[in-house]
Participant: 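Okay, handing you the structure first.
So you know, we letter chains A, B, ... as the sequences are listed, proteins then strands, and number each from 1.
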Amino acid sequence: MLSQLWPALRINIFLTILLGVAYPLAVTGISQVLFPHQANGSLITQNGQVIGSELIGQNFTKPGYFQPRPSAAGNDGYDPTASGGPNFGPTNQKLIDRVKASVDKFHKENPDYHGPIPADLLTASGSGLDPEISPASAQAQTPRVAKAREISADQIGQLVAQYTKAPDLGLIGEPRVNVLKLNLALDQQFPKK
Amino acid sequence: MTSTGILQILLFFALVLVCVKPLGAFMANVFDGRRTFLHPVLRWLEVLTYKVAGVREDVEQRWTQYTASLLAFSIFGFLLVYLLQRAQAYLPFNPQNFGTPNVTPDLAFNTAASFLTNTNWQAYSGESTLSYFVQMAALTVQNFVSAAAGLAVAIAVIRGFARHEVRTLGNFWVDMTRSTLYVLLPISFLGALFLCSQGVIQNLKPNTTATTLEGAKQTITQGPVASEEAIKELGTNGGGFFNANSAHPFENPSPITNLFEMWLLLVIPAALTYTFGKMVGDTRQGWAIFAAFTVMFLAGVFVCYGFEQAGNPTLAKLGIQSAATTTQAGGNMEGKEVRFGVVNSALFTTVTTDTSTGAVNNTHDSLLPIAGLVPMLNMMTDIVIFGGVGAGMYGILIYCIIAVFIAGLMVGRTPEYLGKKLEQKEVKMAMLAIIVTSACILVFSALSTQAVFAAKGYWNAPGAAIANMGNSGPHGLSEIIYAYTSATGNNGSAFGGISVNTPWYNLTIGLAMLVGRFLFLIPILAAAGSLAAKKKVPVTSGTFPTHGPLFVGLLVGTVVIIAVLTYFPAVSLGPIVEHYLMHSGRLFSLISWPLGS
């Protein structure tokens with residue numbers, strides 16, 4: 001085995017340079033040229049200021065905005081430096097307590113919605129950064145947002161429909177609504193008076 | 001289950017299936033040393049590697065030398081990963097200025113063992129612990145070479161069956177280099193670019209600060225993610241750039257990338273069955289193993305998907321919609337992403353634990369009890385349902401030996417497999433591999449349920465080892481069993497509620513990973529060495545055919561029975577009892593430790 005140590009060391013160093021430096025740098029170089037927007041985080045800028053990423057959810061609490069899912073990332077949620085889910089098991093008292101509290105809060109904030117609450121809206125995502133909600137979750141919030149912006153629910157409903165993304169290639173994944181993009185569009189089309 | 005859900009599962013499987021033959025044949029050509037379409041582009045790099053390493057391409061090794069090369073290679077890989085982590089403060093590409101205190105010695109040991117053994121257990125949280133340089137030069141490199149080493153061993157073991165009356169199994173350096181350069185690197189390179197085009201980030205910039213629409217500050221993390229992501233999936237590694245792993249939108253931004261990542265996970269282990277068939281001179285043998293894989297894979301997917309789609313009965317009582325509609329996925333969405341929904345989460349969970357990957361696109365800890373049992377059982381088979389790159393192939397060959405041995409006992413004939421008489425040595429080695437890994441899982445789990453340490457002490461600051469559990473009751477036990485099963489199986493996924501970044505868990509889990517890798521792999525290499533030296537016995541009317549449905553059934557039966565016999569008592573105290581308690585409405589609060597104070 002001792003005779004194998006010398007080649008082992010040399011090949012490790014060689015492969016570290018090839019796979020650990022050359023390969024990632026080559027991918028970085030090419031993607032920075034071909035896909036600079038995606039490679040740098042799909043950032044959204046407004047008036048020269050970065051306001052977020054298309055792919056990373058952010059907190060919304062005001063009634064005039066659509067709200068995202070509960071998040072366990074960081075102390076206040078949606079902290080990309082601490083991604084992750086709450087890791088509550090299905091029989092954990094804390095899970096049930098949290099969802100119960102969310103149900104009560106939802107009914108209080110959305111008195112005009114009477115249907116069953118979509119599962120995604122009250123459950124925490126795995127990443128804590130989920131940028132999207134289901135179309136049903138957006139529809140459930142539509143009356144509240146319309147009231148806060150003093151416009152008709154139909155107008156908001158049309159915007160939600162416009163921002164609803166179908167499953168990829170019509171089949172793969174789920175239909176979804178990007179909360180940040182939808183709220184941006186709200187601010188642009190129906191600014192609060 | 002919905003019809004579109006089932007369609008998506010079948011579509012995914014079809015995408016893997018069509019690649020089995022072309023990729024499998026390509027790999028057989030590469031390892032047999034034949035020229036392929038990639039040689040004009042990459043041959044010079046292969047020659048250069050041998051030159052730098054000082055190895056001769058044409059010299060073959062016996063199984064002992066092959067193992068020695070593998071171990072020597074692994075020791076330096078381990079040291080490099082350990083040292084690069086500890087020295088990250090002095091190395092380049094560290095815009096967040098992560099220092100040495102971020103990586104304690106026990107954490108660095110755990111991560112080094114984890115990446116070396118193709119486990120990629122994450123006791124660290126990438127975005128707050130490791131510099132870009134460590135992610136690239138330590139972790140990404142091991143993602144490649146731990147998979148390449150596994151592939152090399154699988155090829156050596158296949159040669160043990162394919163060759164006769166020779167003493168050598170090939171050359172580790174050559175097999176490992178070819179795995180890296182011709183198989184892993186080209187697919188990863190193209191895969192990384194594709195992922196990047198779909199939104200996976202790839203840069204060396206410091207984090208970006210954004211001002212949200214409501215005026216808050218948000219730190220958006222950056223880094224060379226795509227290059228690590230592609231090989232993390234292709235090499236069935238699974239250690240993510242971020243804590244949230246493939247649930248993170250920067251690692252897995254859309255259903256398309258999710259589909260592609262699952263394809264990367266499964267494609268090499270699936271295609272290796274064809275490589276195996278081709279190298280032993282009878283592709284039906286490879287398809288028989290592929291069929292056994294498929295049966296066990298589909299059973300796992302549909303059980304997991306079915307239970308997840310049914311949802312959590314306790315939440316349904318609170319007025320939450322659990323049936324799927326056209327505008328929402330329903331089911332158990334806790335710990336899942338909207339873009340993936342229930343079906344693509346359950347599918348990813350099954351694929352990542354059938355292979356030894358352990359990347360996750362949802363938090364397994366929040367799976368419903370029986371759905372969570374699926375990944376656990378997948379790993380308790382020693383990860384031989386497709387399995388890791390290479391590791392799945394040599395793993396299933398261990399089970400083939402045992403299956404044929406059992407069949408031989410039933411009819412009273414000396415067992416034969418692929419024209420080789422299986423005698424005492426081979427069967428002993430196969431049993432050794434299985435017993436060592438089962439003992440490792442059960443003993444360490446049992447120890448962790450009992451071990452008590454001084455609170456705020458060095459070994460385990462929370463006190464007793466069970467004080468680290470994030471959930472109480474049977475689910476807490478599941479967290480511990482899952483951790484050691486994942487480590488020993490070299491999977492790396494977790495029931496993430498448990499806090500494992502303490503010296504007790506870092507060291508025992510690290511040890512379990514080393515046992516699961518090397519004490520599983522060395523016995524099968526020994527068996528292969530002895531098989532290669534044997535004569536080929538002619539096929540007669542009394543030979544048990546190992547390419548038909550009877551053998552497939554026997555193989556599946558062997559895998560399932562061994563797993564169930566070994567682990568039923570343990571899992572019945574975890575997920576099985578939890579399932580019944582959940583349906584009776586029972587909930588568990590965390591106990592605070594130490595008790596009675």
Side-chain angles (χ1 to χ4, degrees), chain A residues 1 4-5 7-12 14-16 19-20 24 27-28 31 35 38-42 50-53 55-56 58 80-81 83-85 87-93 96 99-100 103 116-120 123 125-127 129-136 168 172-174 176 183, chain B residues 52-55 68-69 72-73 76 127 136-137 140-141 144 192 196-197 199 201-203 210 212 218-221 224 227 242-244 247-249 253 255-256 259 312 314 318 320-321 327-330 333-339 341 362-363 365 368 470-471 475 496-497 582 587-589:
Chain A
M1 184 159 157
Q4 300 299 318
L5 289 176
L9 177 64
R10 292 200 287 188
I11 208 166
N12 258 302
F14 178 75
L15 290 179
T16 299
L19 306 168
V27 174
T28 308
S31 52
F35 324 108
Q38 294 95 316
N40 294 317
S42 305
V50 177
I51 57 158
S53 159
L55 297 175
I56 302 290
Q58 48 182 251
T81 61
S83 66
N87 282 311
F88 290 159
T91 54
N92 192 332
Q93 181 76 49
I96 310 303
V99 174
K100 236 182 222 162
V103 169
I117 308 173
D120 63 284
T123 49
S125 65
S127 62
L129 304 172
D130 196 341
E132 292 153 340
I133 54 178
S134 67
D168 291 4
I172 302 151
E174 304 292 332
R176 54 209 192 272
N183 285 335
Chain B
V52 172
V55 292
S69 300
F73 179 67
F76 282 111
E127 60 266 50
M136 298 192 311
T140 305
V141 173
F144 275 100
C196 190
S197 75
I201 57 174
Q202 179 73 27
N203 62 62
T212 68
Q218 188 184 38
T219 304
I220 294 174
T221 47
S227 55
F242 299 111
N243 186 49
H248 197 296
I256 287 286
L259 182 73
N312 185 336
T314 320
L318 301 176
I320 291 191
Q321 192 161 25
T327 51
Q328 55 90 38
M333 283 300 289
E334 176 72 14
K336 295 189 180 58
E337 304 287 302
V338 165
R339 59 195 180 281
N362 67 97
T363 54
D365 216 348
L368 296 173
N471 290 278
H475 202 84
M582 178 181 78
L587 296 174
F588 293 89
S589 302

Participant: Please classify the contact between B:His248 and chain A as side chain, backbone, both or neither, with a heavy-atom cut-off of under 4.5 Å.
Facilitator: both
Participant: For the CD1 atom of A:Ile56 and the OG1 atom of B:Thr212, what is their distance to the nearest 0.5 Å?
Facilitator: 13.5 Å
Participant: Could you tell me whether the side chain of A:Asp168 and the main chain of B:Ile256 form a donor-acceptor pair under 3.5 Å?
Facilitator: yes
Participant: Can you tell if the side chain of A:Pro80 reaches within under 4.5 Å of the side chain of B:Gln218, non-hydrogen atoms only?
Facilitator: yes
Participant: For residues A:Arg10 and B:Ala53, report the shortest heavy-atom separation together with the two atoms involved.
Facilitator: NH2-O, 3.1 Å
Participant: Quick one, A:Thr81 with B:Glu127, criterion side chain to side chain donor-acceptor pair (under 3.5 Å). Give me CA distance, side-chain angles, the key distance, then yes/no.
Facilitator: CA-CA 6 Å; A:Thr81 61; B:Glu127 60 266 50; over 6 Å; no
Participant: If you define the side chain from C-beta out and look only at heavy atoms, does anything of A:Asp120 sit under 4.5 Å from B:Gln328?
Facilitator: yes
Participant: What's the spacing between A:Ile96 CD1 and B:Thr314 OG1 if we round to 0.5 Å?
Facilitator: 5.0 Å
Participant: Which pair of non-hydrogen atoms, one from A:Gly126 and one from B:Ala244, has the smallest distance, and what is that distance?
Facilitator: O-CB, 4.1 Å
Participant: Report yes if the side chains of B:Gln321 and A:Ser134 come closer than 4.5 Å at any heavy-atom pair, otherwise no.
Facilitator: no
Participant: Report the option among A:Thr91, A:Val50, A:Thr123, A:Asn40 that has the most heavy-atom pairs separated by less than 4.5 Å from atoms of chain B.
Facilitator: A:Thr91
Participant: Nearest 0.5 Å, what's the CZ-CD distance between B:Arg339 and A:Glu132?
Facilitator: 6.5 Å
Participant: Who among A:Gly41, A:Pro131, A:Gly52 has the most heavy-atom pairs with chain B under 4.5 Å?
Facilitator: A:Gly41
Participant: Who wins among A:Asn12, A:Ile11, A:Ile117, A:Val27 for the most heavy-atom pairs under 4.5 Å with chain B?
Facilitator: A:Asn12
Participant: Hey, which of A:Pro116, A:Ser83, A:Pro135, A:Ser42 has the most heavy atom pairs under 4.5 Å with chain B?
Facilitator: A:Ser83
Participant: Counting heavy-atom pairs under 4.5 Å to chain A, which of B:Ser197, B:Gly330, B:Gly496 comes out on top?
Facilitator: B:Ser197
Participant: Are the side chains of B:Thr363 and A:Phe88 in contact, using a 4.5 Å heavy-atom criterion?
Facilitator: no
Participant: When you measure from the side chain of A:Asp130 to the backbone N and O of B:Glu337, does any donor-acceptor pair fall under 3.5 Å?
Facilitator: no
Participant: Check each atom of B:Val52 against the heavy atoms of chain A and say whether the ones under 4.5 Å are side chain, backbone, both or neither.
Facilitator: both
Participant: So does A:Ala39 get a backbone contact from the side chain of B:Asn203, meaning a donor-acceptor N/O pair under 3.5 Å?
Facilitator: yes
Participant: Against chain B, work out which of A:Pro90, A:Gly89, A:Pro7 has the most heavy-atom pairs shorter than 4.5 Å and name it.
Facilitator: A:Pro90
Participant: Which heavy atom of B:Val141 sits nearest to which heavy atom of A:Leu19, and what is that distance?
Facilitator: CG2-C, 3.9 Å
Participant: Quick check for you: to the nearest 0.5 Å, what is the distance between A:Asn92 atom CG and B:Asp365 atom CG?
Facilitator: 9.0 Å
Participant: Which atom names give the shortest non-hydrogen contact between B:Ala247 and A:Ser127, and what distance separates them?
Facilitator: O-CB, 3.3 Å
Participant: Would you say the side-chain atoms of B:Asn243 pair up with the backbone N or O of A:Gly84, donor to acceptor, closer than 3.5 Å?
Facilitator: no
Participant: By a 4.5 Å heavy-atom criterion (distance strictly below it), what part of B:Leu368 contacts chain A: side chain, backbone, both, or neither?
Facilitator: both
Participant: Among A:Ser53, A:Ala136, A:Gly85, which residue has the highest count of heavy-atom pairs closer than 4.5 Å to chain B?
Facilitator: A:Ala136
Participant: Any idea which of B:Gly54, B:Gly335, B:Gly497 has the most non-hydrogen atom pairs under 4.5 angstrom with chain A?
Facilitator: B:Gly335
Participant: Quick one: pull up CZ in B:Phe73 and CG in A:Leu15 and give me the separation to the nearest 0.5 Å.
Facilitator: 5.5 Å
Participant: Could you pull out the closest heavy-atom pair between B:Gly341 and A:Glu174, with the gap in Å?
Facilitator: CA-CG, 3.5 Å
Participant: Closest approach of B:Cys196 and A:Gln38, non-hydrogen atoms and distance?
Facilitator: O-CB, 3.1 Å
Participant: Return the option, out of B:Thr140, B:Thr219, B:Val55, with the maximum number of heavy-atom pairs under 4.5 Å with chain A.
Facilitator: B:Thr219
Participant: Please state whether the side chain, the backbone, both or neither of A:Ile133 comes within less than 4.5 Å of a heavy atom of chain B.
Facilitator: backbone
